[in-house]
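Okay, structure first, notes after.
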Amino acid sequence: MSTAASGAAAAPAVPLTPLFVRLKLSLMRNGLKGSSKRKAAWISSLVVSLLFSAFATLGLAMLRGHTHASTVVVLMGAILALSWTVMPLFFPTGDETLDPSRLVMLPLRPRPLVRALLASSLVGMGPLFTLCLAVGSVAAVAHGAAGVVAAVLGAPLLLLGCVALARAVATANVRLLTSRKGRDLAVLSGLLIAIGAQVANFASQRLFQQGGLSALEPVEAVVRWLPPATAVGMVDSAGRGAYAEAAAQLALTLAALAAVLWFWERSLTRLMVSPDGSTLAAAAPEKDRGTGGAWAFLPDGRTGAAMQRTLRYVVRDPKTKSAWVSALAIGLIVPVFNALQGTGSVYLACFGAGMLGVQMYNQFGQDTSAFWMVAQTISSPRDAYVELRARAGALALVTVPYTVLVTVVTAALVGDWAQFPAALGLGLGLLGAMLCTGALASARFPYSIPTDGAFKNVAPGQAGLAWMGIFGGMLASAVISAPVIVLAVFVSLSDNPGSLAWLTLPVGVVWGALAAWAGLRLASPTVSRKLPEILAAVSKG
């Protein structure tokens, strides 16, 4: 063996954990290069997150000494754990270091890889926000020296438990969500999780109605023994002098964290050494490549082709399908559950219109890198207008009948047919306003939706841009819909709403149509002028 070879063989291995942390920081830094708008969006989202974290921490700490402080913070720990478990399935982080499927070809051992991935997962706004809530929670129940010592252990253990649980669930499901056969099951799983979250929300509302925070004490007595909420329960027990109970909760927290890490390591090993047979079968040949059947009812020319392309995305693309199914389900669940509880209003049907209106945002990002083919056909504001109008029309084919259906069901359940026209007019007006702001956000705040991972919906460095476009557009939609909202409020407060409600329906329809038309007109020149920038933004992932 040569001297050079001997030296190379004897060279120490590079520590994996610092390498992954530096990789995470490099990805965050490189994602901000080349666009001042992207930097501004990221810095704005960081400032807002830090301010919200500071106020949330202060608010939780101010519960110190309150009778039900332990109930609030223990349940807060459970909610944090549940959120970390399910949110990666809906709002991915856009971080390549957290996608284990990208590492299967590298000679990495599972255990060091788990440590490296866990360390890199602790870098970001989400973990910082969780740590702030954890610090505020333990500060609210830490009494005496024993409570302070327990708090020093409890806050990081809660954070580690949440992050490890999220990564373990993500790794265990990565093959399912990326396979062609499993994508429909993944959509169903996401839908069940969304429904479960709504059921928990309405159950908590019922508990508050029955007795305030005292009604949650039996729930808290059980949850305080469920990891990782046991980390907060340990601090409360130590602060009360129940040292045996605190020791048991600490042991349970550590045991659960070890079990999650073991499960994560096993899932990671299986992912990296087992072949994925779900995508080996050849895809069946498509039978419907023409314009027959239901497609025959679409307009001819570019408008019909763009509408068909948008609707095919809803049916075939897993991420688009998941977003649509979740929006359709939650948009119906919220007004129906409130109506069944006796606290509903026919105006809650507008929630469904708002959920579907969000699908108009980032229209070009859903095309991913294939948008370059569409970009080749846009050479003028007129071409951009026709393209945006077709996409908005495809959404309207689904959203308008859906809004009518949800409003009818809600009115029937609450028995308030007198205000049904006003609620329907408000919903359609809001939908038109969101089509307007969605077109403008698609033109001014485009971002990439990566195609290579089931857990990434935003490319690295573009998360702030995405949130700014969505939340800014939603606020602008409320402002645009203000005339219809004012009219609906006036109708609901009047002594004879039945006679005035029918005035809101045509006003809402006309106002929504005008808003959508104006938004498409205003966005078209921007799309035509900034087409290279849009193409670069949506092709990033």
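Quantities reported herein were computed from a predicted structural model and do not represent experimental measurements.
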Without hydrogens or angle criteria, can the side chains of [X] and [Y] be said to hold a donor-acceptor pair below 3.5 Å?
X    : Y    : value
R302 : T377 : yes
T437 : S477 : yes
T230 : W225 : no

Distance from [X] atom [atom1] to [Y] atom [atom2], nearest 0.5 Å?
X    : Y    : atom1 : atom2 : value
F351 : S345 : CZ    : OG    : 14.0 Å
M125 : S53  : CE    : OG    : 10.0 Å
L503 : F490 : CG    : CZ    : 9.5 Å
I333 : M355 : CD1   : CE    : 9.5 Å
L520 : C436 : CG    : SG    : 7.5 Å
L80  : L75  : CG    : CG    : 11.0 Å

Contact summary for [X] and [Y], nearest pair of heavy atoms:
X    : Y    : answer
F364 : S442 : CD1-O, 3.6 Å
S380 : S528 : C-OG, 3.5 Å
L311 : A394 : CD2-O, 3.7 Å
I534 : A443 : CD1-O, 3.8 Å
T57  : C132 : OG1-O, 3.0 Å
S121 : P127 : O-CG, 3.0 Å

Problem - Evaluation steps, side-chain contact (heavy atoms from CB on, under 4.5 Å), between L522 and T526 - result: CA-CA 7 Å; L522 291 173; T526 303; over 6 Å; no

Just so I know, are the side chains of [X] and [Y] near enough to count as touching, which here means a heavy-atom distance under 4.5 Å?
X    : Y    : value
W324 : L356 : yes
F129 : S49  : no
M474 : M434 : yes
R309 : R391 : yes
L493 : V489 : yes
I470 : Y447 : yes
L428 : V400 : yes
L397 : L298 : yes

Problem - Electrostatic pair E387:R382 at N-O distance under 4.0 angstrom - result: no

Practice task
Tell me, with the steps shown, if L158 and C162 meet side-chain contact (heavy atoms from CB on, under 4.5 Å).
Solution key: CA-CA 6 Å; L158 177 60; C162 291; 4.1 Å; yes

Problem - Donor-acceptor contact present, side-chain S83 to main-chain I79, <3.5 Å - result: yes

Practice task
Kindly say whether Q359 contributes a backbone atom to a donor-acceptor pair with the side chain of Q363 at under 3.5 angstrom?
Solution key: yes

Exercise for the section: Under the side-chain contact (heavy atoms from CB on, under 4.5 Å) rule, what do Q366 and Y361 come out as? Steps first, then yes or no, please. Expected result: CA-CA 10 Å; Q366 70 178 2; Y361 294 83; over 6 Å; no

Exercise for the section: Take L430 and V484 through the test side-chain contact (heavy atoms from CB on, under 4.5 Å) and record every step on the way to the result. Expected result: CA-CA 8 Å; L430 176 63; V484 186; over 6 Å; no

